[in-house]
Q: 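Okay, here's the structure, questions in a sec.
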There are 2 protein chains.
Amino acid sequence: MAMNSASPAKVSFKAQMLQAREDAIIQTASRLLAEKGFEAMTVDEVAASVGIAKASLYKHFSSKEDLAAAAMVRVMQRAQAYLRDLPPGAPMAQLRTVARWTMELKLRGEMPSLPSQNSTLRAKLIADTAYMDGLIDVSDCLGAWIEAAQAQGHINADLPAIAVLYTLYARACDPVLEFLKMGGQHDEEQIIRMVMASCFEGLAAR
Amino acid sequence: MAMNSASPAKVSFKAQMLQAREDAIIQTASRLLAEKGFEAMTVDEVAASVGIAKASLYKHFSSKEDLAAAAMVRVMQRAQAYLRDLPPGAPMAQLRTVARWTMELKLRGEMPSLPSQNSTLRAKLIADTAYMDGLIDVSDCLGAWIEAAQAQGHINADLPAIAVLYTLYARACDPVLEFLKMGGQHDEEQIIRMVMASCFEGLAAR
DNA sequence: GTCTATAGGAGGATAGAC
DNA sequence: GTCTATCCTCCTATAGAC
């Protein structure tokens with residue numbers, strides 16, 4: 001294991017290079033997915049933006065859908081990791097923290113939002129176990145916090161937990177964020193504060 | 001004007017037929033736009049659904065974008081008419097009524113939501129005076145109600161009116177509505193009540 | 001203005017050399 | 001695995017007869 005370690009090291013290095021390229025592809029796809037959506041994004045564009053030939057991209061991902069799905073899986077894994085590493089806290093505080101984090105991602109253009117519309121990508125993702133496992137994992141975590149926060153009287157207990165969950169998910173693709181950003185009247189911190197307030201405290205005065 | 005009225009009547013009838021066909025095209029486009037979005041909708045599909053040849057459709061609208069823009073203009077005009085005919089009432093009540101109406105349209109699949117993403121359609125609409133005039137008209141009306149409701153202490157006065165306006169507009173493309181509908185656990189009235197509650201009262205308990 | 005038929009082009013995917 | 005070059009399908013848009 002000592003003398004013939006050169007070869008394994010070389011292979012590992014090569015594999016790392018491949019992995020790095022694949023990461024670059026996914027990251028670029030993720031960005032374009034966030035910018036223009038699945039239908040408007042072209043594979044040519046992704047390849048050009050990464051700086052490789054389209055055929056090379058197709059060695060990594062067998063279809064445009066696979067590529068997009070990989071990007072979505074990555075976001076989901078990122079969310080899982082974020083939740084796992086989140087310092088303990090009160091359920092309501094955790095939910096607020098996660099909502100804010102989600103909006104920050106969206107504002108930075110790092111949130112490839114799944115088209116709400118009918119899309120072939122949708123079916124692909126539902127059939128993707130990596131994505132679905134991640135989604136269920138995240139939903140379980142958030143769902144537990146939601147129910148705890150409701151039990152503690154911090155979240156409106158009249159709302160079904162599933163409605164609260166979806167409302168939080170929807171913050172990841174909230175057009176209000178980009179509209180306010182386009183307006184240019186407020187910085188990102190102000191925008192997030194406003195949307196956080198309307199989400200948790202509501203539009204009606206308290 | 002009495003004797004030669006046959007000819008004008010004939011022309012008017014012909015024009016009515018044309019108008020009716022154009023209405024059918026726009027309505028179909030509107031529905032497909034709501035279902036699949038601009039990019040995924042095809043002109044073949046619209047023509048087939050209306051029951052005419054694609055070339056005939058292109059006699060009415062010179063491009064796919066024009067067609068989609070016409071559908072968006074129609075929705076905007078519908079909103080203008082709705083606001084114009086709304087019985088008078090307290091500003092806060094008006095806002096709630098309009099929000100509910102918007103969600104009902106969305107749930108019925110009659111709300112062709114403008115893609116939030118970068119789209120050629122976006123530029124087209126911004127350049128379309130009919131659309132922009134309608135948008136400004138609607139925004140002025142809602143904006144006045146928002147400020148009045150804030151002055152009366154019914155809407156959170158810490159939120160800029162523009163943020164409240166955008167939040168209301170966003171109800172027209174809220175994915176929470178369709179997610180809850182897909183879940184099948186609640187009827188449309190319940191769904192609307194839940195989203196209305198989370199929008200106005202917020203997720204946090206009161 | 002409506003049709004059938006087709007041009008024209010974009011974009012997803014592949015062949016085959018290296 | 002990466003490239004260049006190419007295929008092929010789908011979709012927007014138009015030509016031309018009626």
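Naming convention: chains lettered A, B, ... in sequence-line order (proteins, then strands); numbering from 1 in each chain.
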Q: So, taking the atom named CD1 in B:Ile192 and the one named CZ in B:Arg171, what distance separates them when rounded to the nearest 0.5 Å?
A: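 Taking CD1 in B:Ile192 and CZ in B:Arg171, the distance rounds to 13.0 Å.
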
Q: Calculate the interatomic distance between A:Glu65 atom CD and C:dG11 atom C1'; express it in whole Å.
A: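 The answer, rounded to whole Å, is 14 Å.
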
Q: Picking from C:dT2, C:dA13, D:dG1, which would you name as closest to the side chain of A:Lys54?
A: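 For A:Lys54, the side-chain atoms sit closest to C:dA13.
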
Q: Considering only side-chain heavy atoms of B:Ser63, which listed nucleotide, D:dA13, C:dT2, D:dC11, is closest?
A: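 When the side chain of B:Ser63 is considered, D:dA13 is the closest of D:dA13, C:dT2, D:dC11.
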
Q: Please report, rounded to the nearest Å, how far the C1' atom of D:dC11 is from the CG atom of B:Leu67.
A: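 Those two atoms, CG and C1', are 14 Å apart.
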
Q: From the set C:dT4, C:dT2, D:dG1, return the single nucleotide nearest to any side-chain atom of B:Ala55.
A: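 Per side-chain heavy atoms of B:Ala55, the pick is C:dT4.
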
Q: At 4.0 Å (heavy atoms only), tell me whether A:Met41 reaches a base, stays on the sugar-phosphate, or touches nothing.
A: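 The residue A:Met41 makes sugar-phosphate contact but no base contact.
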
Q: Could you measure the distance from the CD atom of B:Glu22 to the CD atom of B:Gln27? Nearest 0.5 Å is fine.
A: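 Atom-to-atom, B:Glu22:CD and B:Gln27:CD are 13.5 Å apart.
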
Q: Could you state the atom-to-atom distance from CG of B:Leu57 to P of C:dC3 in whole Å?
A: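 To the nearest whole Å, that distance equals 10 Å.
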
Q: Which one, D:dC11, D:dG1, C:dG1, comes nearest to the side chain of A:Leu18?
A: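 Of the options given, the side chain of A:Leu18 lies nearest D:dG1.
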
Q: Nearest whole Å is fine: how far is D:dG1 C1' from A:Gln19 CD?
A: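 To the nearest whole Å, that distance equals 15 Å.
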
Q: Just wondering, do A:Leu95 and A:Val164 contact through their side chains at under 4.5 Å, heavy atoms?
A: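 Counting from C-beta outward, A:Val164 and A:Leu95 never come under 4.5 Å.
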
Q: Rounded to whole Å, please give me the gap between CZ in A:Phe61 and P in C:dT14.
A: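 So the CZ-P distance, A:Phe61 to C:dT14, works out to 15 Å.
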
Q: Could you tell me how the ring of A:Tyr166 sits relative to the ring of B:Phe179: parallel (under 30°), tilted (30 to 60°) or perpendicular (over 60°)?
A: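 The rings of A:Tyr166 and B:Phe179 sit tilted, inter-plane angle from 30° to 60°.
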
Q: How long is the span from the CZ atom in A:Arg122 to the CD atom in A:Glu65, to the nearest 0.5 Å?
A: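 The CZ atom of A:Arg122 sits 13.5 Å away from the CD atom of A:Glu65.
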
Q: What integer distance in Å separates B:Ile25:CD1 from C:dG1:C1'?
A: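 Answer to the nearest Å: 11 Å.
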
Q: Start at the 5' end of DNA chain C and walk down; is the nucleotide closest to A:Lys59 or to A:Val43 reached first?
A: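 By nearest-heavy-atom nucleotide position, the 5'-most residue is A:Val43.
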
Q: Between B:Ser56 and C:dG1, is there a side-chain N or O to OP1/OP2 distance below 4.0 Å?
A: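 Negative; the distance criterion is not met.
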
Q: Between B:Lys64 and D:dT12, is there a side-chain N or O to OP1/OP2 distance below 4.0 Å?
A: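 Yes, such a contact exists.
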
Q: Over its full length, what angle do the end axes of the helix from C:dG1-D:dC18 to C:dC18-D:dG1 make, each axis taken from five pairs and the result rounded to 10 degrees?
A: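 One end axis against the other gives 20°.
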
Q: Using modelled atom types only, decide if a donor and an acceptor are shared between the side chain of A:Glu188 and the backbone of A:Arg108 within a distance under 3.5 Å.
A: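 No, A:Glu188 side chain to A:Arg108 backbone: no donor-acceptor pair under 3.5 Å.
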
Q: Reckon A:Tyr58 has a side-chain N or O less than 4.0 Å from the OP1 or OP2 of C:dA13?
A: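 So the side chain of A:Tyr58 is within the cut-off, an N or O lying under 4.0 Å from OP1 or OP2 of C:dA13.
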
Q: Could you please name the option among D:dT2, D:dC11, C:dG12 that lies closest to any side-chain atom of A:Thr42?
A: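 Of the candidates, C:dG12 comes closest.
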
Q: Using modelled atom types only, decide if a donor and an acceptor are shared between the side chain of A:Glu110 and the backbone of A:Arg31 within a distance under 3.5 Å.
A: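 Between the backbone of A:Arg31 and the side chain of A:Glu110 there is no qualifying donor-acceptor contact (under 3.5 Å).
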
Q: Whole-Å distance between D:dC11 P and B:Lys36 NZ?
A: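 My rounded result for the distance is 9 Å.
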
